[in-house]
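Below is one structure, written out as structure tokens; comments come after it.
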Number of protein chains: 2
Amino acid sequence: MSKGEETRAAVLDEAARIVSATGLGGLTIGLLADRMQLSKSGLFAHFKSKEQLQLAVVERAADLYTERVVRPALKAPRGEPRARDLFDRQLRWATGDLALPGGCFFASVAAELDDAPPGPVRDRVVGAERDHADLVANVFRTGLSEGHFRPDADPEQYAFDVKGILLSYHHSGRLLADPKAEDKARTAFEALLQAVSVVE
Amino acid sequence: MSKGEETRAAVLDEAARIVSATGLGGLTIGLLADRMQLSKSGLFAHFKSKEQLQLAVVERAADLYTERVVRPALKAPRGEPRARDLFDRQLRWATGDLALPGGCFFASVAAELDDAPPGPVRDRVVGAERDHADLVANVFRTGLSEGHFRPDADPEQYAFDVKGILLSYHHSGRLLADPKAEDKARTAFEALLQAVSVVE
DNA sequence: CCGATAAAAGCACGACCGTTCGCATCCTGG
DNA sequence: CCAGGATGCGAACGGTCGTGCTTTTATCGG
């Protein structure tokens, strides 16, 4: 890896941390240059515009998420164990050993983009979120074909419900500082699994 | 109401709309002055600082929410009917006839404040969110004392679950433009009610 | 209807924003 | 080891930000 690629990668890592804490709006070239001990113009040269910087940091965050959450979870056995493992890693990604300092990168970004005008950055985030919802639904489908879950359960509904638990967890834990947030999230997930599991 | 109070109120209404769409970070004095056809300095004179403007708009949004969602819902009969009515109005507040143009004011603000340094604005938002979580839990408690819900159900857990449904609804509907978002939210709520209702 | 007072405008400031450009300096392949 | 391109710096630009002043205009009670 050449010197340029190296700094570029380091810059994007720091940028992802900043965005996770302050949102895309809080990512400023001057601030980023300070943190990296680079001049504004020197840093700017790596990305020809701010939009490309934002695009690159979204890409970096998506890679990070795949690396830390998705790929390991897909090694778990199909069905319920995989669903459990994925959920556990999602929790740790939001707050914990897998997390960026500001919590889930996409939770920070999604809220500020939901009413933004269309554009490359928004489109990329929406694409990532849709892909992720599909992934959760597909993990659930492996549980259907393994006979772990009720055949009439809707994978898309499951993905919607899991997303809700995670968002509420992020909200309670980060903003409200509720010490019982993790317990509530795990309780909610157990209740969800219970509801979609085959009757015994 | 004097002329000054009138302008101030109109400014705060417009500010609440802006914040609901773009977050507190998108609320700028110049933009607000343009929208109101006022000069920057003329508008600024109503609030001695930007922080006081932010504080005032949060206050205004909280009043609006109480007016449109909480107070009407509390007129419904105690217990399950009140819980249903409250949830329905919450959905309409997030997207619908009760909503600001950018969706739920607090959904926009909460995400960008979750890792912000403490301060009057953040404190006020956290207070409002805590009060609201308590309100939802208390509505659930009326259902407990009416015998509608299982005595072993946890009101705080219920509030956590409802918040998750609403956040996921906001996310799916606004960002991902999922046409089935409302169906999923209502399905999730019915399942939640089912789970906490007394067995028959 | 007029004079005190409230409301809004006009203008200027320092700070930071993204961006450009010319110049120094480092790395690196031949 | 040296040439030449990759990499980074400094200064400057037009804009917008929040925030003070002073001045003009509108409101409203006596």
Side-chain angles (χ1 to χ4, degrees), chain A residues 1-19 21-60 108-109 112-113 116-117 119-122 124, chain B residues 1-19 21-60 108-109 112-113 116-117 119-122 124:
Chain A
M1 188 160 57
S2 78
K3 180 83 192 308
E5 290 168 344
E6 206 166 298
T7 37
R8 191 187 142 101
V11 166
L12 286 179
D13 277 351
E14 181 61 27
R17 288 185 213 109
I18 294 176
V19 172
T22 65
L24 276 176
L27 178 64
T28 213
I29 297 190
L31 173 66
L32 191 51
D34 273 5
R35 299 262 190 116
M36 300 303 296
Q37 299 188 137
L38 275 174
S39 69
K40 268 191 356 173
S41 52
L43 188 147
F44 183 83
H46 285 278
F47 317 87
K48 300 182 306 184
S49 75
K50 177 160 194 193
E51 192 175 68
Q52 292 204 16
L53 165 63
Q54 292 174 330
L55 229 29
V57 67
V58 169
E59 214 63 45
R60 175 74 185 121
S108 300
V109 168
E112 71 178 312
L113 255 45
V121 179
R122 198 195 122 103
R124 185 64 189 85
Chain B
M1 188 159 56
S2 79
K3 179 83 192 308
E5 290 169 342
E6 207 167 297
T7 331
R8 192 188 141 101
V11 166
L12 286 179
D13 277 351
E14 180 62 27
R17 288 185 213 108
I18 294 175
V19 172
T22 64
L24 276 176
L27 178 63
T28 210
I29 296 189
L31 173 66
L32 192 51
D34 271 5
R35 299 262 190 115
M36 299 304 296
Q37 300 188 134
L38 275 172
S39 69
K40 266 189 4 171
S41 51
L43 188 148
F44 184 81
H46 285 278
F47 317 88
K48 301 181 307 185
S49 75
K50 176 158 196 194
E51 191 175 70
Q52 291 203 14
L53 166 62
Q54 292 174 331
L55 229 30
V57 68
V58 169
E59 214 63 44
R60 175 73 185 122
S108 300
V109 167
E112 71 178 312
L113 255 45
V121 180
R122 198 195 120 105
R124 184 65 188 85

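Within every chain, numbering begins at 1; the chains are lettered A, B, ... in the order of the sequence lines, protein sequences first and strands thereafter.
To the nearest 0.5 angstrom, T28(B) atom OG1 is 10.0 Å from D34(B) atom CG. Atoms CG and CD, from L113(B) and Q54(B) in turn, are 8.5 Å apart once rounded to the nearest 0.5 Å. Between S49(B) atom OG and L55(B) atom CG the span is 8.5 Å, to the nearest 0.5 Å.
Proximity of L32(B) to L53(B): side-chain heavy atoms (C-beta onward) are separated by under 4.5 Å at one or more points. E112(A) is not listed as a side-chain neighbour of E112(B), based on a closest heavy-atom distance of 4.5 Å or more.
At the phosphate of dA6(C), neither OP1 nor OP2 sits under 4.0 Å from any side-chain N or O atom of H46(B).
Nearest heavy atoms, A56(B) versus F47(B): CB-CE2, 4.3 Å. Nearest heavy-atom pair across T22(A) and L27(A) is OG1-N, 4.2 Å.
E5(B) places its CD atom 13 Å from the C1' atom of dA7(C), with the value rounded to the nearest Å. If you measure from atom CZ of F44(B) to atom P of dA6(C), you get 19 Å, rounded to the nearest angstrom. Rounded to whole Å, the distance from CG on L43(A) to P on dG10(D) is 14 Å. Spacing between atom CG of L24(A) and atom P of dC17(C) amounts to 15 Å, rounded to whole angstrom units. The separation between L31(A) atom CG and dC16(C) atom C1' is 12 Å, rounded to whole Å.
In terms of the side chain to side chain donor-acceptor pair (under 3.5 Å) criterion, R122(A) has no residue partners (sequence neighbours excluded). Residues passing the side chain to side chain contact (heavy atoms under 4.5 Å, CB included) test with A21(B) are D115(A), sequence neighbours excluded. The side chain to side chain contact (heavy atoms under 4.5 Å, CB included) check on E5(A) picks up M1(A), S2(A), with sequence neighbours excluded.
When each of T7(A) and L27(B) is assigned the nucleotide of DNA chain D bearing its nearest heavy atom, the one mapping closer to the 5' terminus is T7(A).
Between the side chain of S39(B) and the main chain of G42(B), a donor-acceptor pair closer than 3.5 Å is present.
Applying the salt bridge (Lys or Arg N to Asp or Glu O under 4.0 Å) test to pairs two or more places apart or on separate chains, none has a residue in residues 46-57 of chain B.
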Pairs of donor and acceptor atoms involving the side chains of residues 6-18 of chain A, under 3.5 Å and at least two apart or interchain, shall be tabulated with distances.
residue, atom, partner, partner atom, Å
T7(A), OG1, K3(A), O, 3.1
T7(A), OG1, G4(A), O, 2.9
R8(A), NH1, H46(A), O, 3.3
D13(A), OD1, R60(A), NE, 2.6
D13(A), OD1, R60(A), NH2, 3.1
E14(A), OE1, R17(A), NH1, 2.4
E14(A), OE2, R35(A), NH1, 2.8

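If you check residues 32-39 of chain A against DNA chain D, the residues with a heavy atom closer than 4.0 Å are L38(A), S39(A), listed by number. Of the residues in residues 48-56 of chain B, those with a non-hydrogen atom less than 4.0 angstrom from any atom of DNA chain D are S49(B), K50(B).
For the helix from dC1(C)-dG30(D) to dG30(C)-dC1(D), the rotation axes defined at the first and last 5 base pairs enclose an angle of 20°, given to the nearest 10°.
Within 3.5 Å, no donor on the side chain of S41(B) pairs with an acceptor on the base of dA8(C), nor the reverse.
Checking dT19(C), dG18(D), dA8(C) against every side-chain atom of I29(A), the shortest atom distance belongs to dT19(C).
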- request: Assign a letter to each nucleotide of nucleotides 25-30 of chain D from its 5' end: B, base within under 4.0 Å of a protein heavy atom; S, sugar-phosphate only; -, no contact.
  value: ---S--
